[in-house]
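Comments concern the structure below.
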Amino acid sequence: MPTSPGDLVLDARDLHKTYSTGRSGLRRSRVSAVDGVTLRLHAGESLGIVGESGCGKSTLARMLVGLERPDSGSIEIHGRDVTRVRGRDRRLLRRQVQMVFQDPYTSLDPRMSVLDLISEPLVVHQRVSGGAARRDKVAELLSLVNLAPELMHRYPHQFSGGQRQRIGIARALALDPEVLVCDEPVSALDMSVQAQVVNLLRDLQRRMGIALLFIAHDLSVVRHVADRTAVMYLGRLAEIGDTTTVYEDPAHPYTRALLSAAPVVDRSRRRLADRIMLAGDPPSPTNPPTGCRFHTRCRFAQQRCAEEQPVPRPLDSGLDRTVACHFAEEISASVVPPTQVGRPATVR
Ligand code: SF4
């Protein structure tokens, strides 16, 4: 479906996903992996998602590409809810959203040549007919990711990790998707090639006008890639907004803590003067805290926080930023005295 820059491509609303983790006594225990996440992606934009491991980033990604079914909520692609359509319509819509996986060592079938790996989705979706057309399309895709077309007859074990990830990207681009979901696409790679792959993704996104959803735990990578950034905590969105605003002026206490813990080469760029230590470990997702899920670790927590779930709401007029915190305005305007750093959260 043709799109123009800025068109709404993917509209995910109020997504929920829980998993069964077996029985605990007579009760079946469940993990709440994603709890009420809403986000939108427009043509040509990149959205980064950050958060601690286990916060639900990957589950969210897998729902968006159709590898997991949400328990509830909707995922609209060009206004059509893919969770409700079936058959050919579903396949056509799903084709618009493709995924680049984290580990290029396990995501490529070692028994398949590069030609077969990249052309498989083209064959399945009947986008090419005949061997020559297949080879031409694969050569084009390999060139797109800066690999020589002559390499198409080799097998995954003959490539480095960075090259394998390029093959994974070429495969994801084979069906001309409008959205590319990248789940930690460089975390399994050597530092020396991470920047090359990140720059390739950014370059492809700009040149092809696709929307990029980029999940990473490395905050500096997300800052480099993303136009907008979403911060997740224990299955919920804490804050989402323009990347510069979120990084330079974080409003949610969890965003502030996360950013303050990230290494900064140039200390003059750090807005948060001291590292903010979070009290305690992340709560178990099988038994998440009531109200605001961050209240057990938040130094600003009040009684209301333990009782009432904060609804994500716009914070600043004129700025693209939504924050899920009852006291975002006050906290955003406050300066945390260094003496409070590391103080355990209390609920009064
Ligand atoms: Fe902290 Fe309360 Fe805001 Fe949650 S709602 S982040 S506990 S101040």
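One-based numbering, in listed order, for ligands and for the atoms of each. Being a predicted model, the structure only gives us computed values, none of them experimental.
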For the residue pair [X] and [Y], confirm or rule out a side-chain donor-acceptor distance under 3.5 Å.
X      : Y      : value
Gln205 : Arg202 : yes
Asp218 : Ser187 : no
Gln302 : His295 : no

- prompt: For Ala211, which residues count as a side chain to side chain contact (heavy atoms under 4.5 Å, CB included) partner, sequence neighbours excluded?
  reply: Leu41, Val179

- prompt: Under 4.0 Å from any heavy atom of His252, which atoms of ligand 1 are there?
  reply: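 Going through ligand 1 atom by atom, the ones under 4.0 Å from His252 are 6 (S).
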
- line: The number of protein N, O or S atoms lying under 2.8 Å from atom 2 (Fe) of ligand 1 is 1

Can you give the donor-acceptor pairs under 3.5 Å from side chains of residues 188-197 to other protein atoms, not counting sequence neighbours?
{"from": "Gln194", "atom 1": "NE2", "to": "Val186", "atom 2": "O", "distance (Å)": "3.1"}
{"from": "Gln194", "atom 1": "NE2", "to": "Leu189", "atom 2": "O", "distance (Å)": "3.1"}

- prompt: Which ring-ring contact (aromatic ring centres under 6.0 Å, His included) pairs, counting each pair once, include a residue from residues 207-229, with sequence neighbours left out?
  reply: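 Pairs touching residues 207-229 that pass the test: none.
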
